[in-house]
Amino acid sequence: MKIKLMLLPFILFVTVVFANPPIQKRVLVYTKNGKGFVHTNIATSVEALKKIGILNNLIVDVSEDPSVMTSEKLAKYNCLVFSNTNNEIFETEEQRRAFVSYIHNGGAFVGIHIASGSERNWPWFHEMIGGLFKRHPAFQSFEIKVIDKNHPSTVMLPEIWKKEDECYFMTELNPNSHVLLAADLRTVIDTEKEVYPGRVFGDYFPLAWCHQFEGARVFYTALGHADKDYLDPLFIKHLTGGILWALDKNSKKPNRNKKARI
């Protein structure tokens with residue numbers, strides 16, 4: 001009888017959990033590219049993001065169709081992941097306004113690699129994602145310094161991460177961003193380094209960051225050029241940490257006082 005009484009709380013707990021399973025969060029992976037260079041890594045990145053979803057109890061939808069950018073359609077997503085979007089990725093002002101509204105209503109956003117080259121004539125977008133892609137030296141191996149070792153996207157990384165990638169240089173950097181990773185420019189071979197970035201950040205240049213922007217949690221990583229990155233367990237953990245960070249506290253009340261700036 002005593003054993004039955006001890007088991008009763010456990011049985012009740014299991015019953016409640018199965019009767020009320022945790023609500024899955026939903027993520028939209030957006031891959032639209034406008035006219036210009038299109039990365040070959042998109043298909044591989046999509047497969048990697050789907051696997052991240054499976055492993056973290058997330059529902060992952062994928063689209064390259066800008067018609068998904070309506071307030072009604074975006075309302076069902078807890079996070080938008082722009083995976084290697086580039087150039088003009090919206091077709092109408094209504095789509096841009098719907099995206100701004102999503103951010104203002106407490107959405108979450110993750111940008112990967114050339115996502116920082118999206119909407120190059122829209123200053124608000126650069127401010128939101130944290131910077132505007134300018135150029136990169138040749139694909140090569142270089143050293144990346146972990147600036148914040150305690151972030152979910154970096155906690156698994158060594159203090160110095162030696163990686164093959166494109167070292168992105170950007171302008172329009174948002175000063176409110178919290179830098180997570182930075183390229184050690186002393187290890188980057190670049191004949192145009194003195195032209196830009198020169199000594200703007202000394203021996204380092206930001207590569208990944210996060211910030212809270214007008215109601216949304218935003219994570220961006222400039223890494224992820226090669227197809228093989230999306231098969232690399234360490235890079236996948238970096239991406240996963242960024243996505244989960246962006247999803248955290250995503251249920252806060254919308255900020256209705258913000259106006260769309262397009």
Side-chain angles (χ1 to χ4, degrees), residues 27-31 33 37-58 60 62 79-86 108-118 129-131 133 136-170 177-185 187-189 204-211 217-248:
V27 174
L28 173 66
V29 176
Y30 189 56
T31 61
N33 273 247
F37 183 78
V38 179
H39 280 64
T40 61
N41 61 19
I42 290 175
T44 315
S45 75
V46 165
E47 289 307 307
L49 291 163
K50 286 180 178 177
K51 290 177 182 176
I52 288 172
I54 292 169
L55 292 173
N56 292 277
N57 195 35
L58 304 172
V60 176
V62 182
C79 183
L80 306 183
V81 178
F82 281 25
S83 181
N84 291 282
T85 55
N86 194 12
F109 178 89
V110 171
I112 303 173
H113 198 50
I114 194 57
S116 58
S118 305
I129 200 170
F133 169 76
H136 66 80
F139 182 86
Q140 60 186 284
S141 177
F142 60 97
E143 292 183 1
I144 300 167
K145 181 178 175 61
V146 176
I147 305 300
D148 182 351
K149 183 66 175 172
N150 297 316
H151 192 269
S153 69
T154 59
V155 68
M156 76 296 296
L157 299 176
E159 278 190 38
I160 303 297
W161 185 14
K162 192 166 185 179
K163 187 180 184 309
E164 273 192 322
D165 215 311
E166 290 177 336
C167 180
Y168 268 21
F169 298 138
M170 299 179 215
S177 295
H178 176 66
V179 177
L180 303 169
L181 299 175
D184 185 339
L185 300 183
T187 67
V188 178
I189 300 171
Y204 296 92
F205 199 91
L207 285 182
W209 53 74
C210 63
H211 64 159
R217 290 166 72 89
V218 176
F219 169 81
Y220 171 78
T221 180
L223 303 173
H225 172 74
D227 287 30
K228 65 180 181 180
D229 286 326
Y230 302 93
L231 302 172
D232 174 14
L234 198 55
F235 182 71
I236 294 300
K237 288 178 182 178
H238 170 59
L239 271 187
T240 302
I243 292 169
L244 296 181
W245 177 87
L247 282 166
D248 189 33

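Here, residue 1 is the first one in the sequence, and each next residue gets the next number.
- Among all heavy-atom pairs drawn from V188 and P137, the shortest one is CG1-CG, 3.7 Å.
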side-chain contact (heavy atoms from CB on, under 4.5 Å) evaluation trace for W161 with T154: CA-CA 10 Å; W161 185 14; T154 59; over 6 Å; no
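- Rounded to the nearest 0.5 angstrom, I147 CD1 and L181 CG are separated by 7.5 Å.
- Atoms SG and CZ, on C210 and R217 in that order, are 8.0 Å from each other to the nearest 0.5 Å.
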Would you check, one step at a time, whether the test side-chain contact (heavy atoms from CB on, under 4.5 Å) holds for V27 with I52? CA-CA 11 Å; V27 174; I52 288 172; over 6 Å; no
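- Here the CD1-CD1 distance, from I243 to I236, works out to 8.5 Å after rounding to the nearest 0.5 Å.
- Closest approach of F142 and A183 over heavy atoms only: CE1-CB, 3.8 Å.
- The minimum heavy-atom distance linking S177 with G130 is given by the pair OG-CA, 4.1 Å.
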How far apart are the C-alpha atoms of I112 and S45, what are their side-chain angles, what is the distance that settles it, and do they pass the side-chain contact (heavy atoms from CB on, under 4.5 Å) test? CA-CA 9 Å; I112 303 173; S45 75; 5.8 Å; no
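- You'll find the ring centres of F219 and H238 inside the 6.0 Å limit.
- In this structure the side chain of D229 never reaches within 4.5 angstrom of the side chain of L223, judged on heavy atoms.
- For T31, the side-chain hydrogen bond (donor to acceptor under 3.5 Å, both in side chains) criterion is met by no residue, not counting sequence neighbours.
- The closest side-chain heavy-atom distance from K162 to T187 is not below 4.5 Å.
- At distances below 3.5 Å, not a single donor-acceptor pair connects side-chain atoms of D248 with backbone N or O atoms of W245.
- Atom OG1 in T240 sits 12.0 Å away from atom NZ in K51 (nearest 0.5 Å).
- Put simply, the side chain of V46 does not reach to within 4.5 Å of the side chain of S83, judged on heavy atoms.
- No side-chain donor-acceptor contact under 3.5 Å links N56 to the backbone of L58.
- With rounding to the nearest 0.5 angstrom, the CG atom of L234 is 10.5 Å from the CG atom of L239.
- By the side-chain hydrogen bond (donor to acceptor under 3.5 Å, both in side chains) test, N41 is found to be paired with N84, residues two or more places apart in sequence or in another chain being considered.
- Counting all heavy atoms, side chain and backbone alike, D165 lies closest to H113 at OD1-CE1, 4.0 Å.
- Between V146 and P158 the shortest heavy-atom distance is CG2-O, 3.0 Å.
- Side-chain polar atoms of Y220 and H211 form no donor-acceptor pair below 3.5 angstrom.
- Around the CD1 atom of I189, the shell of radius 6.0 Å holds no more than 12 heavy atoms that belong to other residues, nucleotides or ligands.
- Using cut-offs of 30° and 60° for the angle between ring planes, the H225 and H39 rings count as perpendicular.
- H151 is linked by a side-chain hydrogen bond (donor to acceptor under 3.5 Å, both in side chains) to S153, counting only residues two or more places apart in sequence or in another chain.
- Residues D184 and Y204 form a side-chain contact, since some pair of their non-hydrogen atoms from C-beta on lies under 4.5 Å apart.
- A donor-acceptor pair is defined here as one N or O able to donate and one able to accept, closer than 3.5 Å; no such pair exists between the side chain of T85 and the backbone of F82.
- The minimum heavy-atom distance between G224 and F235, with the atom names listed, is CA-CZ, 3.5 Å.
- Considering CZ of F133 and OH of Y168, their distance stands at 5.0 Å, rounded to 0.5 Å.
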Test E166 against I114 for side-chain contact (heavy atoms from CB on, under 4.5 Å), laying out the working first. CA-CA 10 Å; E166 290 177 336; I114 194 57; over 6 Å; no
